[in-house]
Number of protein chains: 2
Amino acid sequence: MPASQAVLPTKERILGAAEELFARHGFEGASLRQLTAAAGVNLAAVNYHFGSKDRLIEEVFRRRLDQLNGRRMAALQEVSGQPDTTIEGVLAAFIVPALELSHDGSGSLFMRVLARAFAEHDDTLRRFLSENYGHVMRQFTAEFARLLPHLSKEELYWRVDLVTGALTHAMSGFGMIQRKSDVPEQQHREQTAQHLIRFAAAGLKSP
Amino acid sequence: MPASQAVLPTKERILGAAEELFARHGFEGASLRQLTAAAGVNLAAVNYHFGSKDRLIEEVFRRRLDQLNGRRMAALQEVSGQPDTTIEGVLAAFIVPALELSHDGSGSLFMRVLARAFAEHDDTLRRFLSENYGHVMRQFTAEFARLLPHLSKEELYWRVDLVTGALTHAMSGFGMIQRKSDVPEQQHREQTAQHLIRFAAAGLKSP
DNA sequence: CGTATGCTCAAACGATCGTTTGATTCCTCG
DNA sequence: CGAGGAATCAAACGATCGTTTGAGCATACG
């Protein structure tokens, strides 16, 4: 077992390089040779530490989704179930952790990976995401249902789904809106959150 | 030059199979060998008729985007510039042609291809889409600006972008909402359009 | 009829893919 | 010190990729 050291251990370096290259070139487009070269490790290290490329992909997801789920649930606990809970507050608990994750230094490209995974339509990956995401989405949906009692279950599902689409689109950065070079990253993130929350809140509240 | 015949000509058969396989497995995931086998043509036919796989991908896009652009522009002409033009009407002109295209018999998978292309983040493809989409988006945005004069240009861009995200998400079918087997396709399409228009109109109109 | 021309075909090309192997190095612990 | 497991390494494996080749077939035209 390797002792703690100044440079990151091999596993972490592979995960970091994988996240970036998967975001940039896709899961099939990024080869293990590019990946291990970028990480500065031997080609065989991926199969030694992870077993296969597919299991590496899973690990890339698991690491970030655990963070995201944790932060979202914590934020939801803070604002939900209160008499003064607002749609905007619940939306912020849903949106802000995702924006933070998508813009913090090392994991800045993970939301692109996630958007790719959505687009891939792979059933194995869908099941994996559903298992790790399912209970979180259900908690948020339940809170929305409490705040929007006049909406039918089907109507609510639709709207939450459309909110997710707008969020995914905005975060993965393929829209027209790009951060201008003279705007600090944190400010841009706050602006993004504000626009998203206002837009989504209006859509959800629509009679 | 081949005469008109009962079976589709080779070029068309390749384009059809390509659309389906690109949607299902991605651009890199679908090989020319799978593709030509599915189309019932020889492996070399792709390079003979299209020059390369990349140019085939371009042709798949061009064919459907021309349809989509044409229908959207025609629908926009019908409803725009009138004193009684509504947000909902313009949204319908934007949304309904896309839903029709994404669900009509042969081209049913193209919107998935488009969603993939968005996620790919490839600059060449982005430029190509911008060249073929740009003027259409500008026309729609101009009409929204006329109907929502209180919104700043930046605010409007943001909201149109979020509408696009919700539409792309809903159409590519990775959301929770799936057509139930006992609902006819046309009815499901109309429901999708209604939900999308109501949600997006509320988001756009938000003060 | 003979000959261009458009098209299809099986076969092969070199490159690159994910994975495996077996030797070698590194570090720990008896 | 020396044994032994963990980790790394260069090299090779078979498979598959996009593309090219050159022969063969069909149809149209003089």
For this session: Would you please confirm or rule out a distance under 4.0 Å between OP1 or OP2 of C/dT16 and any side-chain N or O of A/Ser31?
Result: no
For this session: Could you check how far CD of A/Glu28 sits from P of C/dC17, rounded to whole Å?
Result: 12 Å
Problem set entry | Heavy-atom pair with the smallest gap, counting every atom of B/Asn42 and B/Thr36 | O-CG2, 3.5 Å
Problem set entry | Residues from residues 41-50 of chain B lying under 4.0 Å of DNA chain D - heavy atoms | B/Leu43, B/Ala44, B/Asn47
Problem set entry | Any residue of residues 51-63 of chain B with a heavy atom less than 4.0 Å from an atom of DNA chain D | B/Ser52, B/Lys53
Exercise. Which pair of heavy atoms, one from B/Arg72 and one from B/Ala98, lies closest together, and at what distance?
Worked result: NH2-CB, 3.7 Å
For this session: Measure the distance from CZ on A/Phe27 to P on C/dG18 and round it to the nearest whole Å.
Result: 14 Å
Exercise. Would one find more than 12 heavy atoms of other residues, nucleotides or ligands at under 6.0 Å from atom CD of A/Glu78?
Worked result: no
Exercise. In chain order, what residues pass the salt bridge (Lys or Arg N to Asp or Glu O under 4.0 Å) check against A/Glu190, with sequence neighbours excluded?
Worked result: none
Exercise. What integer distance in Å separates B/Leu35:CG from D/dC17:P?
Worked result: 11 Å
Problem set entry | Between C/dT19 (C1') and A/Leu32 (CG): distance, integer Å | 9 Å
For this session: Measure from CZ on B/Arg13 to C1' on C/dC7 and round the result to the nearest Å.
Result: 13 Å
Problem set entry | Minimum heavy-atom distance B/Ala170-B/Leu196, with the two atoms named | CB-CD1, 4.1 Å
Exercise. Looking at A/Glu155 and A/Arg159, does any basic side-chain N land under 4.0 Å from a carboxylate oxygen?
Worked result: yes
Seminar exercise, completed: Between CD of A/Gln34 and P of C/dA15 the distance, given in whole Å, is 17 Å
Exercise. Could B/Glu19 and B/Arg64 be called an ion pair, given the rule that one side-chain N must be under 4.0 Å from one carboxylate O?
Worked result: yes
Exercise. Are B/Glu28 and B/Lys53 ion-paired here, with the side-chain N under 4.0 Å from a carboxylate O?
Worked result: no
For this session: Give a yes/no answer on whether the side chain of A/Thr10 brings an N or O atom under 4.0 Å of OP1 or OP2 in D/dA7.
Result: no
Exercise. Is there a side chain to side chain contact (heavy atoms under 4.5 Å, CB included) between B/Thr85 and B/Arg146 once you walk through the steps?
Worked result: CA-CA 10 Å; B/Thr85 303; B/Arg146 194 178 71 86; 3.6 Å; yes
